[in-house]
Every structure is written in structure tokens, then in C-alpha cells.
Amino acid sequence: MTRICVVGLGKMGLPVAALFASRGHVVVGADINQRTVDLINAGQSPIGNEPGVEEMIATSVAAERLRATTDTAAAAAAADVIIVLVPLLVDPQDAYMPTYGALESALAAIGRGIRPGTLVILETTLPVGDTRKRMGPIIEQASGLRMGQDFHLVFSPERVQSNQVIKNLLHYPKVVGGIDAASTAAAVQFYREGLAIEVHPVASAETAEFSKIAECVYRDVNIALANELAMCAEETGVDISEVIRAANSEPLSHIHQPGLGVGGHCIPVYPYFLINRQSQTRLAQEARLINDGMADHAVAVLREELGTVAGKTVVILGLSYRANVKEATFSSTLLVARALQAAGARVLILDPLFTATEIAQYELEATGPNPREVPPVDAIVVQAMHEAFHALDWRDFAGARVVLDGRNTLDPARVTAAGLRYRAIGRGTQSAPVNVP
Ligand SMILES: NC(=O)c1ccc[n+]([C@@H]2O[C@H](COP(=O)([O-])OP(=O)(O)OC[C@H]3O[C@@H](n4cnc5c(N)ncnc54)[C@H](O)[C@@H]3O)[C@@H](O)[C@H]2O)c1
């Protein structure tokens, strides 16, 4: 039995804490949010829509294997292993430079409590070099201990996706890289014994940091390629979905899906950790421009359909960055809405996962959730196809003339049967010959 402290009990930290507790370890979670701490101590989950987590919390709190506190230093003092999942945010107004405040204050608190012999694992995605050069020294300064000598320090990226965190934690290999060999070895043993999962040790903390950024850049560039191909397909009159299915039937081809853009915590953000610090990042930068530029492409498609978007009303389905996840961080909806507003359109947001007040926090106008309550609109844009939208009857949107399927998930026949035009990313209006036997 290992005594574990998880610092940061959000969408990632809480499932990690709950999973270790459900495996018989004693876990203390630390978070600055009193409500989060109170809910967990009452056996409840402050995060929704994460399969398995609610049950794990209820059982583990009842069995006194999981509790939460706002006193990070005290929790760190009682731990053999400390896992850090406090976000490192970036500021889009400042060239996506990292804003270190929350993470650094968490590390200083850990430093005030940490005992010699502790293993500290940073799971928050970091720019290359930060574990050793920036985070370790904060703990050293607050504790008077030396990393490597008095405590182990490791970077191990969290590679999971919201909505399937427990499943991913148990099935994705855990990449682990320490500031020295002893740190790496300690973390390898911890994950293997603690969760019985496959562990993938790498040469250094820097290698592990880089691997997470490389994953994100790969996906961003791949999606940018899909988006570029999609725009070519629109000009050619072929359907990009069919092109990609055919191309990917060759085992070495893994083209992702095109869409209105790329959102969420990771893919649109972490490429900047590379772009901002290294010189050879032309492709990564171009991918960011292409993917964010899909918002302007959406406006161009609607302009084609409506003549102009100035003075028109457009409803966007989904504030979320992806279907069935209540998460709007860097959602493509924000870029599409701003591009439409800049072109003179009124934008409404229909998303049953968010309250009107939550939508208003993004300076956007909420509508619905029943389409019949939506004021007359000229166009509908589908950004995140939540399950709640599957039963929509397009006829219920008064005045609507066109649906732009930003995720290529709709049945075009249902849209056109309702008397609306159907447009999708990568499917133009001119038709190429169809000769399927
Ligand atoms: N959300 C994702 O899909 C995802 C996926 C993979 C990796 N990650 C990684 O996980 C990290 C955490 O993301 P998240 O989605 O859990 O964030 P989140 O915003 O859901 O939760 C962060 C938590 O940290 C707490 N916190 C903030 N400052 C603190 C401090 N000083 N001390 C203690 N707690 C503090 C907040 O109160 C909050 O509960 C990200 O930065 C990213 O590196 C996230």
C-alpha cells in the first residue's frame, strides 16, 4: 500500500486519485477549490460524465481510502508519491505563452510539506525542460531538499481523453522520464505495481515532455492535412470522407477527419510549447493556422449559401469542443462565432450541456434547448454532435435554409428531406461522377 497525494482534483486529477484509491492505495487529494474538496469528502464527484469515477469516489471515501483537503503541504507531507495535475494554462492574448501561476503555487505548497524520499510525478503537460529547470527548483527552494539526492522527480504525461479517462488510464502505456535513472526507476515501479499497466520508460524527463508535445503536434498537423485535402475535395466535387476511407485502407495511411477546427485543452495548445521555444517549427505553425482558419472557411461556405452573412442569424449546435463532453476550452465554436460576428451575423449557441449563464461567460448568446424555442435563423452550424442532437428535426428551426455539418456526421438525406440545403467540410456543391457498381 502506497500513500499517494494527487494535487489538482479536476477532470484529470480526480479520476487518477479515484483509480489509485479503488486499487487499495490511501489517497489524499489536494485542491484549492473548497467546493471540490467538500463534495469529494461527501463521497460525490464534482466532475460529470466520466464513467466509473462516481462509483470509485463513493466506495473509496466510504472505505476511508480517499479524502480531499485544501492543505496541499500537509497532504504532501503524508505521501510517499505526489502526482501533480494542476493545469499549466496559456494566454492566447500573449502569443499562447504559458501562465505558470497555478502550477508554481502548487509546487511551492508541495515544497513546504515534502519529506525526503518522496517521488514527485508531474503529469501536467509542460514545455520541454521545465520539469528539471523550472519545477524542480521551486520544490527545492521551498523545502531545502535537493532533487535527485533527497527526492525523485519525474515527468509522465497524461494522455487520456475526457469522458474515457479510466479506460484510457488502464490501457494506454504510461510514458515515464525522470531527471535521473533512480527517479525513472521509482516511477516505473510505482505505475507497474500501483495500476498493473504497461509502462514505457524513456531516457529523460525532457524526452517524456517532448513525447506529449509530439503527440499533439502530430494530431494537429494530421488534422490540418485532412482539412487541406477537404478543401481540395470541395473544389473537385468528391466526398472527402469517402476519399479518406479509401486512402486509409492502405495500412500506412492514417489520415484524420477534417472539421470546423480543433479544440480542447491539448491539441490547439501544446504545439505552442514547441513553436514558442524552438526555431524549426514551420509545419507546426502552419497546422495551427490551417486549423484555426477553418472558422473563416465556415463563414465562406455560409456566404456562398446565403449571399451574405451580414444581418443573418446563425445557430451553432455545441459550445463544446467535442461531442458529449462539457468542455469549451479553445472550442472551435468560439472561433466560428467570432468570425461570423465580425462578418455581421448574429450568433446563437444551442448546447444542452451548458446553462445560459455558462454560455454567457463566453460572451455568447444562448438559445434553446428546444429548437422550437430558437428565434428564426438563416443557417445552422453543427460543431459538436451531442447525443441530444441525434433526434433533432431540422424542420423545427424556423427560417433555416442551410445546415453546415462541421463534423461530417449527419445524414444528408434527412437534412435535404426537411427542405434545407446540406453542406459539409470536404464535400462541395458540384458533383463528381458516381460509378459504384
Ligand atoms: N482535460 C483534458 O482533456 C486533458 C487531457 C490530457 C491531459 N491533461 C492535462 O491535465 C492537466 C489538468 O487538466 P484538467 O482538465 O484536470 O484541469 P481542470 O481545470 O479540470 O482541473 C484543475 C484543478 O486544479 C485545481 N487547482 C488549481 N490551482 C491549484 C493549486 N495551486 N493547488 C491545487 N489545486 C489547484 C483546480 O481547482 C482544479 O480543480 C492539464 O493541464 C493537462 O496538462 C488534460
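Just the heavy atoms: all of them, side chains too, but no hydrogens, waters or symmetry mates, feed the values below. Ligands are counted one by one from 1 in listed order, and the atoms in each one are counted from 1 as well.
Atom CD of Glu387 has 12 or fewer heavy atoms from other residues, nucleotides or ligands within 6.0 Å.
Close approach of ligand 1 to Ala102 is summarised as follows: ligand atoms under 4.0 Å from at least one heavy atom of the residue are 28 (N), 31 (N). Residue Leu88 approaches ligand 1 through these ligand atoms, each under 4.0 Å from one of its heavy atoms: 41 (O). Below 4.0 Å from some heavy atom of Ser105 lie the following atoms of ligand 1, by number and element: 31 (N). Against a heavy-atom cut-off of under 4.0 Å, Thr124 is close to the following atoms of ligand 1: 41 (O), 43 (O). In the vicinity of Gly8, heavy-atom distances shorter than 4.0 Å reach the ligand 1 atoms 24 (O), 34 (N).
At least one N or O atom of Met12, backbone or side chain, sits closer than 3.5 Å to an N or O atom of ligand 1. The shortest N or O to N or O distance between Glu158 and ligand 1 is not below 3.5 Å. Considering backbone and side-chain atoms together, Lys11 places an N or O closer than 3.5 Å to an N or O of ligand 1. For a threshold of 3.5 Å applied to N or O pairs, the pair formed by Tyr270 and ligand 1 contains at least one separation below that value. Where the criterion is an N or O separation shorter than 3.5 Å, residue side chain and backbone included, Arg159 fails it with respect to ligand 1.
Contacts between Ala109 and ligand 1, counted as non-hydrogen atom pairs separated by less than 4.0 Å, are absent for every part of the residue.
Nearest protein neighbour of atom 3 (O) of ligand 1, counting heavy atoms only, is Ser162 OG, 3.3 Å.
Closest heavy-atom approach to atom 5 (C) of ligand 1 within the set Asn163, Val160, Val7: this belongs to Val160. Evaluated by nearest non-hydrogen atom to atom 1 (N) of ligand 1, the leading choice among Glu104, Arg322, His265 is His265. The option from Gly10, Pro87, Pro46 that lies nearest to atom 21 (O) of ligand 1, judged by heavy atoms, is Gly10. For the residues Val16, Leu9, Leu85, Ile32, the heavy atom positioned nearest atom 12 (C) of ligand 1 is part of Leu85.
In this structure, Thr36 does not count as a contact residue of ligand 1, since none of its heavy atoms falls inside 4.0 Å of the ligand.
Side chain to side chain, Asn49 and Asn324 fail the donor-acceptor criterion of an N or O pair below 3.5 Å. Checking Glu234 against His297 by side-chain atom types alone, a donor-acceptor pair falls below 3.5 Å. Lys174 and Ser156 share a side-chain donor-acceptor pair at under 3.5 Å. Side chains of Arg338 and Gln341: a donor-acceptor N/O pair is present below 3.5 angstrom, by distance only. For the residue pair Tyr422 / Asp405, a side-chain donor-acceptor distance below 3.5 Å is found, with atom types taken as modelled. There is no side-chain donor-acceptor pair under 3.5 Å between Asn248 and His254.
Scanning both residues, Gly111 and Ser143, for their nearest heavy atoms gives O-CB, 3.1 Å.
Residues Phe20 and Phe190 bring their aromatic ring centres within 6.0 Å.
Figure legend: cation-pi geometry between Lys326 and Phe354, with NZ or CZ positioned under 6.0 Å from the six-membered ring centre and within 45° of its axis. Under the 6.0 Å distance and 45° angle rule, Arg134 counts as a cation-pi partner of Tyr100.
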